[in-house]
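Note on naming: letters A, B, ... go to the chains in the order of the sequence lines (proteins, then strands), and numbering restarts at 1 for each one.
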Amino acid sequence: MSALWEKLIASLEFPFVQYALIVGTLVALCSSLFGVTLVLKRFSFIGDGLSHVAFGAMAIATVLKLTNEMPLVLLLTVLCAVLLLRTGQNAKIRGDAAVAMISVGALALGYLLMNIFPTSGNLSGDVCSTLFGAFSILTLSPTEVWLSVGLSLLVVGLFVFFYHKIFAVTFDESFARATGVNAAGYNLLIAVIIAVIIVLAMNLVGSLLISALVIFPALSAMRVYKSFLSVTVCAAIVSVVCAVLGMLVAIVADTPVGSTIVAVDIVAFLIFALAGKLKR
Amino acid sequence: MALLICENASLGYEGTPIVRDLNFTVEAGDYLCVVGENGSGKSTLMKTILGLIPPLSGAIRTGDGLQQTEIGYLPQQTPVQRDFPASVREIVRSGCQGRMGKKPFYGKEEKELAERNIARMGLEALADRCYRELSGGQQQRVLLARALCATRRMLLLDEPVAGLDPKVTAEMYRLIEELNKKDGITVIMISHDLDAALKYADKVLHIGSTVFFGTKEDYLKSKALSGLTQEVAE
């Protein structure tokens, strides 16, 4: 036990581990805030679709040998979020079909690109780390760290500022629109923020596991708490605690960061589900 | 002066009219019931009044200084709301969003307005309870309190008693009548419950294959009545 403890203490002295913890905590916080809205607005599938888009964008960035991949990935993912929301509104191609089309399309093209223009000898390793995060959170450059911190704080700020509008639009969109709230505008804002969160979370858990980071804390909190505010606060706390715990376990046990965090999230969900049952 | 004027309006979606050449006016203090069979365009009319969709031709205007966004709307419940974690107070307060414009947080004024309307609907004891754990009738009262936060003058109720048991239905109608008679709030109610329409409303708008607009008395006298009631009953 004490050997593990010493290993943990020793690891925490590395700056890249400290960066990872800071970024991981902030990303977990952001993703959980919008989880409730995403789940309740039935937007979960958009989040999932966008994470695949982010994978495709990452592949393009890798092929182009960009030193800093985040701005391009961010741009493409936000564009797709806007596009998806637009197509969801005019009914030519149904919303869910459009999401499925764009997401598998991006996944396939991303993999294809990485195969045609291999940038390193270890192709499957590259693909795997983009999909499942692997250790990319531990290899962030200082620019990426600052970009992540800045964007996370922006997301939290926007959420707090628009909290009541987001509540109104999520709970009852037609009522909100009838009373003059610009629901379409807020939907767009939510979609863009989700795209930003996904790109941020990609470093932490990889593109296939992002949805878990967004959805699990919200669902856990909803088992036990009854008001929007308490659910949001609880989801944020659960998400941060699970992310920190997951990262520490991953460092000590040498497990992949992303899947460890998600595993902790699953355990938290089971505990909350049980607590919700007992409370009733 | 009329609060709502509908002039030669044709209503529908994407160029396909469901209701043609509709004319009616709603005066301050009216209790208008909109009846008609399913698919006759009741909800299309409602969405047009609220400005959620534009009329295909003609116009529906608000008058006497009433803004379109000042119509308090009681929608039918959506599946999303049934598992939404929100307290009664949070929901009632969200009715103030329209009047707040760009302001991000509720001020003293909005909070007081919400508390008044919670009291008005007899929900004080439930204010911190979770919406999804309330009974159907209590949920409707919460949404009515929210609608009252959005308006001082006109309520638009979409099937306000759908899915409620007879006792709660009667109570709901009594509440609505009280708002109309005591507080002078103009009520437009969409309903397929013709008996209630004839009991509580003072004006009737029937849309469908035959269109009627006028007072309840005229509606009862109307020759087409036997045909109309049958149509509605189906």
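Contacts between A/Thr170 and chain B at a heavy-atom distance below 4.5 Å involve backbone atoms as well as side-chain atoms. Within the 4.5 angstrom heavy-atom criterion, atoms from both the backbone and the side chain of A/Phe175 approach chain B. If you measure heavy-atom distances from B/Tyr131 to chain A, the contacts under 4.5 Å come from the side chain alone. Neither the backbone nor the side chain of A/Asn182 comes within less than 4.5 Å of any heavy atom in chain B. Within the 4.5 angstrom heavy-atom criterion, no atom of B/Arg129 approaches chain A. Contacts between A/Tyr163 and chain B at a heavy-atom distance below 4.5 Å involve the side chain alone, from C-beta outward.
Partners of B/Lys111 by salt bridge (Lys or Arg N to Asp or Glu O under 4.0 Å), not counting sequence neighbours: none found.
Sorted by first then second residue, the salt bridge (Lys or Arg N to Asp or Glu O under 4.0 Å) pairs that include residues 118-128 of chain B, not counting sequence neighbours, are B/Arg89-B/Asp128, B/Arg120-B/Asp183.
The minimum heavy-atom distance linking B/Lys42 with B/Glu37 is given by the pair NZ-O, 3.6 Å. Considering all non-hydrogen atoms of both residues, B/Phe105 and B/Met100 come closest at O-CE, 3.5 Å. Shown here for B/Met189 and B/Pro160, the closest heavy-atom pair between the two residues is SD-CG, 3.6 Å.
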Output a table of donor-acceptor pairs, distance under 3.5 Å, between side-chain atoms of residues 149-156 of chain B and any protein atom two or more places apart or on a different chain; print 'none' if there are none.
| residue | atom | partner | partner atom | Å |
| --- | --- | --- | --- | --- |
| B/Thr151 | OG1 | B/Glu70 | O | 2.7 |
| B/Thr151 | OG1 | B/Arg153 | N | 3.0 |
| B/Thr151 | OG1 | B/Met154 | N | 3.0 |
| B/Thr151 | OG1 | B/Met154 | O | 3.1 |
| B/Arg153 | NH1 | B/Asp64 | O | 3.2 |
| B/Arg153 | NH2 | B/Asp64 | O | 3.1 |
| B/Arg153 | NH2 | B/Asp64 | OD2 | 3.3 |

Item to check | Residue pair B/Glu110, B/Lys103: steps toward the salt bridge (Lys or Arg N to Asp or Glu O under 4.0 Å) verdict | outcome: CA-CA 11 Å; B/Glu110 284 89 13; B/Lys103 214 172 79 177; 3.2 Å; yes
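Your options are A/Ala183, A/Ala221, A/Ser174, A/Ala176, and the one with the most heavy-atom pairs under 4.5 Å with chain B is A/Ser174.
Considering only heavy atoms from C-beta on, A/Ile210 comes within 4.5 Å of A/Met202 through its side chain.
Residues of residues 259-273 of chain A lying under 4.5 angstrom from chain B, judged on non-hydrogen atoms, do not exist.
Using cut-offs of 30° and 60° on the angle between ring planes, the pair B/Tyr200 and B/Tyr31 is parallel.
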